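The next block holds one structure in the form of structure tokens; read it before the comments.
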Number of protein chains: 2
Amino acid sequence: MKTITRKEEIIEVAALLFKEKGYSAVSMRDIAAKLNMKAASLYNHIHSKEEILAVLILEVAEAFTQGMETVQNSEISSLDKVVLLIEQHIEITLKHARAMAALNNDWVHLRVDNRNEFVLKRDAYEMNFRKIIQKGISKNEFKPLHPELILFSILSTLRNLHLWHEKRGKLEVNVLKKEMTAVLINGIV
Amino acid sequence: MKTITRKEEIIEVAALLFKEKGYSAVSMRDIAAKLNMKAASLYNHIHSKEEILAVLILEVAEAFTQGMETVQNSEISSLDKVVLLIEQHIEITLKHARAMAALNNDWVHLRVDNRNEFVLKRDAYEMNFRKIIQKGISKNEFKPLHPELILFSILSTLRNLHLWHEKRGKLEVNVLKKEMTAVLINGIV
DNA sequence: GTCTATAGTGGGATAGAC
DNA sequence: GTCTATCCCACTATAGAC
């Protein structure tokens, strides 16, 4: 039995609203209204609007960082590493569905310190992903395309998964993983 | 010699700022400051902040709609249609680079009438794209994957091209078209 | 066409009663 | 832990002088 605190409730509701309208367009009054309370009462549970955003974003960023470490430490081919990263990305997206929009768009509104922490993590993740692709190319596991283009194509698809999954998706997780990997790795023809 | 009006100048600067912080986080003061003027003066050229957003978004939406018509009217295979759509998407992205962020994220802040117009166009575009994919699958030009997943994978990559192109890109257009098509159609292995 | 001044609204956040 | 009341500030937009 997992009990959910008021603070978690606030963050959850806020994430939903951020997803719909973006961080800046959501007011503390909006968040409070969805919880049938007044804006002032929110401040008994959180310190600021920005804190909500920071919790949301940094939690997921940490999950990605952890995942990348696991993958790097496993001794498998570059191709298998990429497959693993794709599957992991799907898992994290499904688990933190509500936070993904903030992660993609609203991180710019973090306070400097939190923003720096996030950007460092994100850049490190991308760099490590790029290295795996480069190694794969040099070992002839991947086609000799620009690594940046491969990285970009995979990441932009995965980073928007949350948009699509709620609208059409609801594919069973394993089917989703399988087909997504197939499309990203082997193409569509 | 193309002369640029003050109105166009305002829209251009606004687009840049919207891209950085999102529509809601950009104030008329911000826009004015970048043009060395006062916010009040903007209103001699535009009627409202929302008008700027509407011009930006609806112009690009129209370009996509036109492009889709051209493709539909050409008598080529489904595969060639998809290739054409990808190339077109790249061209439009490069031409309207500054508007792409608003198109992806800020359309929610359009007034109802403009928002409806946009959503209709976008949905029609996606529906037509989906039909092309479905036909391609039924003719064995594409693998028998979920059409939604193929559509999503292609579109999310293309819709984020603007993010990547400014950061790393600057590939020559034809190289970009060629490699992007290769990745999206044939995969990376 | 740009300015100053300002109206009118709504934002984040705090104080203090209950 | 929630409320009312309120502070102070920033926002969009308008009026009217130059």
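A, B, ... follow the sequence lines: proteins, then strands. Residue 1 opens every chain. Worth saying up front: this structure is predicted, and the values here are computed from it rather than measured.
- Ring-plane geometry between A/F64 and A/H89 is classed as tilted, the angle between the planes lying from 30 to 60 degrees on a 0 to 90 degree scale.
- Looking at A/N128 and A/E69, their side chains never bring a donor and an acceptor atom within 3.5 Å of each other.
- The cationic atom of A/R122 (NZ for Lys, CZ for Arg) lies less than 6.0 Å from the six-membered ring centre of A/W107 and within 45° of the ring axis.
- Separating the NE2 atom of B/H45 from the P atom of D/dA13 is a distance of 15 Å, rounded to the nearest angstrom.
- Relative to the six-membered ring of B/F129, B/K81 misses at least one condition, a distance below 6.0 Å or an angle of at most 45° to the axis.
- In this structure, B/K135 is not positioned above the aromatic face of B/F142 in the sense of NZ or CZ being under 6.0 Å from the six-membered ring centre and within 45° of the axis.
- Put simply, B/S41 has a side-chain N or O that comes within less than 4.0 Å of OP1 or OP2 on C/dC3.
- Taking atom NE2 of residue B/H109 and atom P of nucleotide D/dC11, one finds them 16 Å apart after rounding to whole Å.
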For each nucleotide in nucleotides 5-18 of chain C, reading 5' to 3', give B when a protein heavy atom comes within less than 4.0 Å of its base, S when such contact involves only the sugar-phosphate, and - otherwise.
B-----BBBBB---
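- To the nearest angstrom, P of D/dG1 lies 12 Å from CD of A/E9.
- Residues A/H146 and B/E179 bring a donor and an acceptor atom of their side chains to less than 3.5 Å of each other.
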